[in-house]
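Both counts, for ligands and for their atoms, begin at 1 and track the order of listing. What you see below is based on every heavy atom in this structure, not just the backbone, and it leaves out hydrogens, waters and symmetry mates.
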Amino acid sequence: MAVALGSLLQRPAIYIATGVAGVCVVYGLYRAWRYFRPNTEDEYFERIKNIPNPGERRVLILGLDGAGKTRFARCFCKGRRRLGSTEETTVGFYVNSVTLGEIYLNMWDVGGSANCRGYWKEFVLNLDAICYCVDSSQPARFDEARRELHTFLKYEQTKGIPLILIATKRDKIDSVSPFALYQHMNLDLVKKKRPVYLVGVQAPDSGARKGFMETYRLLVSIVEDKKKKV
Ligand SMILES: Nc1nc2c(ncn2[C@@H]2O[C@H](COP(=O)(O)OP(=O)(O)OP(=O)(O)O)[C@@H](O)[C@H]2O)c(=O)[nH]1
Ligand SMILES: [Mg+2]
């Protein structure tokens, strides 16, 4: 009688133990699947494998104050480094050098406030690309952004340097599409004289970044394109 009662009491414990073990196995399998099959762009980005002797890309990042330049530059860092605060406006310039996959990125981010814009041209030296950031959620500043861009591109030293128009803050509700932004920037004439590319990015304070894989691939290919054209 006592033995039968004991085995009855043990049964729920066996069920519970089996249930817990089952949950653990399923969770383990889920984690393994996530590890081998990354499903967000952020995860792919974090796993780009660095190669020895990467080719250098020297990139100048310009745009109006608050356009998201410093945030954009930081987002090419892996892990937590990208999350550093960009609350303050950049006075002067900030250099972000990082090896990412096949390239060593040398990014020069120059302040966009009115008193810094006069210095933009001083940074045009052996550039592979100019990234011009425009806050896609602020149509009220598109005219100002276009004026500053065209003034800068008139500078003789920038001749032929590929331009990447970066539509930033795509996560914002009032953001316009990169193509609409491209049209506002009136780049058809510019396109005849230099390669012009267009990318939309988002890098909110929290949450995944987007558009950075595309920009990375573009920066990898941009020098190859230049070689082909020579
Ligand atoms: N929601 C959202 N906010 C962004 C994004 N990128 C930048 N920001 C915010 O925009 C603000 C300005 O970004 P910065 O990167 O500092 O702008 P900046 O172009 O470097 O500005 P200056 O240094 O003044 O020339 C920051 O406080 C960020 O929080 C984005 O993709 N989404
Ligand atoms: Mg800045």
Using a strict cut-off of 4.0 Å, indicate which atoms of ligand 1 neighbour a heavy atom of [X].
| X | value |
| --- | --- |
| D171 | 1 (N), 2 (C), 30 (C), 31 (O), 32 (N) |
| G111 | 25 (O) |
| G112 | 25 (O) |

Does [X] reach ligand 1 with a nitrogen or oxygen that is under 3.5 Å from one of the ligand's nitrogen or oxygen atoms?
| X | answer |
| --- | --- |
| A67 | yes |
| Q202 | no |
| R71 | yes |
| T89 | yes |
| S113 | no |

- Message: Counting the benzene-type ring for Trp, do F76 and Y216 have ring centres under 6.0 Å apart?
- Response: no

Exercise. Would you call P204 a ligand 1 contact, heavy-atom distance under 4.0 Å?
Worked result: yes

#### Entry: L64 heavy atom under 4.0 Å from ligand 1
yes

Here the vertex angle at the Mg ion (ligand 2) for OG1 of T70 and OG1 of T90, given to 10°, is 90°

Where does the angle between the aromatic ring planes of Y132 and W120 fall among parallel (under 30°), tilted (30 to 60°) and perpendicular (over 60°)? perpendicular

Tightest non-hydrogen contact, residues G111 and C116, listed as O-CB, 3.2 Å

Proximity to ligand 1 by part of [X], non-hydrogen separation under 4.0 Å:
| X | value |
| --- | --- |
| D205 | side chain |
| K172 | side chain |
| T90 | both |

Restricting to heavy atoms, the pick from K169, K210, R209 nearest atom 11 (C) of ligand 1 would be K169

Discussion item. Check this for me, if you would: do R117 and E144 make a salt bridge, where the nitrogen-to-carboxylate-oxygen distance has to be below 4.0 angstrom?
Written reply: yes

